[in-house]
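We name chains A, B, ... by the order of the sequence lines, and we start the count at 1 in each one.
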Number of protein chains: 2
Amino acid sequence: MAANQMREKVYTELSRITHAISNPKRLELVDLLAQRPFSVDELSREISMTIASTSQHLQVLKRAKLVNTSRKGNFIIYSISEDKVVKLVSAVKDLGFRKYAEIERLIADFKTDKNVLESITLNDLLARSKKEKLFLIDVRPEGEFEAGHIPTAVSIPLDQLKKRINELPKNKTIVAYCRGPLCVMAVDAVNFLKARKFKALRMEDGFVEWKLLNAD
Amino acid sequence: MAANQMREKVYTELSRITHAISNPKRLELVDLLAQRPFSVDELSREISMTIASTSQHLQVLKRAKLVNTSRKGNFIIYSISEDKVVKLVSAVKDLGFRKYAEIERLIADFKTDKNVLESITLNDLLARSKKEKLFLIDVRPEGEFEAGHIPTAVSIPLDQLKKRINELPKNKTIVAYCRGPLCVMAVDAVNFLKARKFKALRMEDGFVEWKLLNAD
DNA sequence: AATCAATTCAATAATTATATTGAATAGTTG
DNA sequence: CAACTATTCAATATAATTATTGAATTGATT
């Protein structure tokens with residue numbers, strides 16, 4: 001076989017990967033699965049699609065070997081096949097968030113709507129935690145915390161925040177994080193806490209971003 | 001605007017990027033442009049397509065902001081818009097080369113055909129150069145060397161190798177590199193040198209891989 | 001073994017992608 | 001400014017993608 005033919009075939013194989021994440025819903029699915037494994041049913045609710053359509057998209061991802069399946073009772077559980085998949089999606093977001101004025105605008109508008117006055121990044125968190133004592137909370141649903149979290153974080157899912165508010169210190173700054181920059185849970189948590197006179201800050205990055213930073 | 005709508009729009013925007021590289025020919029184009037800027041005409045020859053088709057693909061890449069254009073005389077020169085694009089394609093290759101048995105097989109078969117007995121990687125090169133004196137040659141066409149090369153390398157384009165063979169040492173091991181693992185130029189160079197009793201080795205990685213390793 | 005629940009499959013219709021040919025354009029060069 | 005050249009555009013036919021509905025399947029559970 002000639003070298004040209006080989007190259008052509010390799011790029012065709014490689015494009016299976018990029019084709020799999022070329023659809024917005026499938027990109028969202030992979031990004032969600034980076035948090036933890038989910039059932040088809042859960043995923044379909046998260047991405048607002050019929051179960052059948054979600055299943056089809058998941059099968060495309062599976063054929064491209066970006067995700068695996070396993071069974072748990074009646075449920076089929078989809079999960080990311082390996083860390084490099086998360087890295088790939090991270091590279092897409094990294095490029096997109098910087099390169100596309102449209103995306104910047106969408107996120108900025110969203111922050112205005114949600115009344116987000118201040119957000120910090122992972123780097124800010126590290127720098128700041130050297131100067132003052134911070135209280136880091138992970139406001140994602142429990143299962144995602146259990147699948148992995150930033151070491152010093154305490155799990156307080158958003159829907160438990162009201163009744164567990166006595167667990168939070170009034171004298172320290174509370175930093176809340178969730179799934180990442182596109183997720184609202186930490187924003188809602190911070191607004192709730194601020195209304196009750198806590199010192200609270202949202203961190204844009206989540207566990208997945210932390211993990212990528214602390215890999216290699 | 002609700003958070004869900006924002007997320008949906010952001011993923012739609014992000015999928016412009018992944019859609020742009022979801023086609024094998026476009027993936028190959030971006031990978032080529034990582035070496036240096038090229039004209040439409042040069043690119044169409046490299047990827048074995050009509051000029052019109054190549055132009056259409058390039059316009060898709062441009063709309064997705066992965067490449068820029070400039071003019072040089074009668075030619076339109078396409079180039080990568082920023083380093084993060086190269087990083088993205090590298091993440092795709094990184095995943096594909098490991099994950100796809102099919103790709104591994106294609107590359108292995110190609111090596112057998114080309115009689116490639118031994119290949120080293122960038123890491124091997126660094127380790128080995130501490131123990132013995134190596135003579136590193138860049139066998140890509142001159143323009144690509146000029147656009148960027150590994151610091152210690154000497155430019156000897158493949159088609160000049162025969163007449164410049166006296167520039168090469170008999171007592172050192174010669175390491176040849178080109179565009180990367182899918183490129184044949186270094187393989188051909190090594191086979192040519194070995195037939196003339198030089199000690200020669202192919203390095204799979206190229207300048208782009210070196211640059212990514214020596215970035216951040 | 002029958003029932004049940006979660007997921008997948010099949011069929012459909014509308015939309016979008018692809019490669020090609022040949023014409024049009026825009027900018028450069030003599 | 002006329003001729004030229006590289007690139008883009010337009011039109012076309014074929015193929016692939018997408019979301020949906022409703023039926024089929026596959027294990028688990030009773």
Side-chain angles (χ1 to χ4, degrees), chain A residues 4-5 8-9 11-30 32-33 37-79 143, chain B residues 4-5 8-9 11-30 32-33 37-79 143:
Chain A
N4 279 344
Q5 285 184 313
E8 192 179 322
K9 285 186 183 177
Y11 283 112
T12 300
E13 289 295 320
L14 288 174
S15 71
R16 289 177 196 278
I17 295 172
T18 46
H19 167 257
I21 53 170
S22 70
N23 172 283
K25 292 291 184 184
R26 287 198 296 268
L27 199 53
E28 191 174 355
L29 282 170
V30 177
L32 249 175
L33 289 169
F38 283 95
S39 69
V40 179
D41 170 76
E42 288 173 310
L43 290 168
S44 84
R45 258 174 287 129
E46 288 279 353
I47 68 164
S48 311
M49 276 204 124
T50 63
I51 292 185
S53 297
T54 305
S55 174
Q56 314 248 51
H57 280 310
L58 287 167
Q59 284 167 68
V60 174
L61 292 173
K62 192 181 180 184
R63 256 178 270 138
K65 304 199 184 178
L66 303 187
V67 302
N68 292 328
T69 57
S70 64
R71 181 174 274 273
K72 205 170 185 179
N74 264 330
F75 296 88
I76 305 289
I77 307 295
Y78 278 84
S79 56
Chain B
N4 278 344
Q5 283 183 316
E8 191 179 323
K9 285 187 183 174
Y11 283 113
T12 300
E13 288 296 319
L14 287 174
S15 72
R16 288 177 198 277
I17 296 172
T18 47
H19 167 257
I21 54 170
S22 71
N23 172 283
K25 291 292 184 185
R26 287 199 297 267
L27 199 54
E28 191 174 356
L29 283 170
V30 177
L32 249 174
L33 289 169
F38 283 95
S39 70
V40 179
D41 171 76
E42 287 172 311
L43 290 168
S44 84
R45 258 174 287 127
E46 287 280 353
I47 68 164
S48 310
M49 277 203 125
T50 62
I51 291 185
S53 297
T54 304
S55 173
Q56 314 247 51
H57 280 310
L58 287 168
Q59 284 168 66
V60 174
L61 292 174
K62 193 181 180 183
R63 258 177 269 138
K65 305 200 183 176
L66 303 187
V67 302
N68 292 327
T69 56
S70 64
R71 181 174 274 274
K72 205 169 185 179
N74 265 329
F75 296 89
I76 305 289
I77 306 296
Y78 278 84
S79 56

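Residues passing the side-chain contact (heavy atoms from CB on, under 4.5 Å) test with Ser53(A) are Met49(A), Thr50(A), sequence neighbours excluded. In terms of the salt bridge (Lys or Arg N to Asp or Glu O under 4.0 Å) criterion, Glu8(A) has no residue partners (sequence neighbours excluded).
Atom CD of Glu8(B) and atom P of dA19(D) are 10 Å apart (whole Å). Protein atom CG of Leu61(B) is 14 Å distant from nucleotide atom P of dA17(C), rounded to whole Å. One interatomic measurement links the two molecules: CD1 of Ile77(B) to P of dT5(D), which rounds to 17 Å at whole-angstrom precision. Atom CE of Met49(A) is separated from atom C1' of dT7(C) by 16 Å (rounded to the nearest Å). Nucleotide dT7(D) holds its C1' atom 16 Å from the NE2 atom of His57(B), rounded to whole Å. Spacing between atom CZ of Arg63(B) and atom C1' of dT16(C) amounts to 12 Å, rounded to whole angstrom units. Atom NZ in Lys72(A) sits roughly 17 Å away from atom C1' in dA5(C) (whole-Å rounding).
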Below 3.5 Å is the cut-off: list the nitrogen or oxygen pairs between protein and nucleotides 8-14 of chain C, distance only.
unit_1 : atom_1 : unit_2   : atom_2 : d
dT8(C) : OP1    : Tyr78(A) : OH     : 2.9
dT8(C) : OP2    : Ser55(A) : OG     : 2.6
dT8(C) : O5'    : Ser55(A) : OG     : 3.4
dC9(C) : OP2    : Gln59(A) : OE1    : 2.2

Listed pairs, N/O of protein and of nucleotides 27-30 of chain C, under 3.5 Å:
unit_1  : atom_1 : unit_2   : atom_2 : d
dT28(C) : O4'    : Asn74(B) : OD1    : 3.3

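Nearest heavy-atom pair across Asn23(B) and Ser15(A) is C-CB, 4.1 Å. Leu61(A) approaches Ala20(A) most closely through the heavy-atom pair CD2-O, 3.7 Å. Annotation for Arg16(B) and Ala64(B): closest pair O-CB, 3.7 Å, computed over non-hydrogen atoms. Taking each heavy atom of Lys25(B) and Ile47(B) in turn, the nearest pair found is NZ-O, 2.8 Å. Of all heavy-atom pairs between Ile76(B) and Arg71(B), the closest is CD1-NH2, 3.6 Å. Taking all atoms of both residues into account, the shortest heavy-atom contact from Ser22(B) to Thr18(A) is CA-OG1, 3.4 Å.
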Could you go through the salt bridge (Lys or Arg N to Asp or Glu O under 4.0 Å) check for Arg45(A) and Glu42(A) one step at a time? CA-CA 5 Å; Arg45(A) 258 174 287 129; Glu42(A) 288 173 310; over 6 Å; no
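Both Ser48(A) and Ser39(B) sit near DNA chain D, but only Ser39(B) has its closest nucleotide nearer the 5' end.
Side-chain contact between His19(A) and Arg26(A): present, with at least one pair of heavy atoms (C-beta onward) separated by less than 4.5 Å. The closest side-chain heavy-atom distance from Leu33(B) to Leu43(B) is below 4.5 Å. The side-chain heavy atoms of Leu27(A) and Ile21(A), taken from C-beta on, include a pair separated by under 4.5 Å.
Under a 3.5 Å cut-off, the side chain of Glu28(A) and the backbone N or O of Pro24(A) do not form any donor-acceptor pair.
Within residues 19-27 of chain A, the residues approaching DNA chain D are His19(A), Asn23(A), Arg26(A), by heavy-atom distance under 4.0 Å.
Between the axis at the start and the axis at the end of the helix from dA1(C)-dT30(D) to dG30(C)-dC1(D) there is an angle of 30°, using five pairs per end and rounding to 10 degrees.
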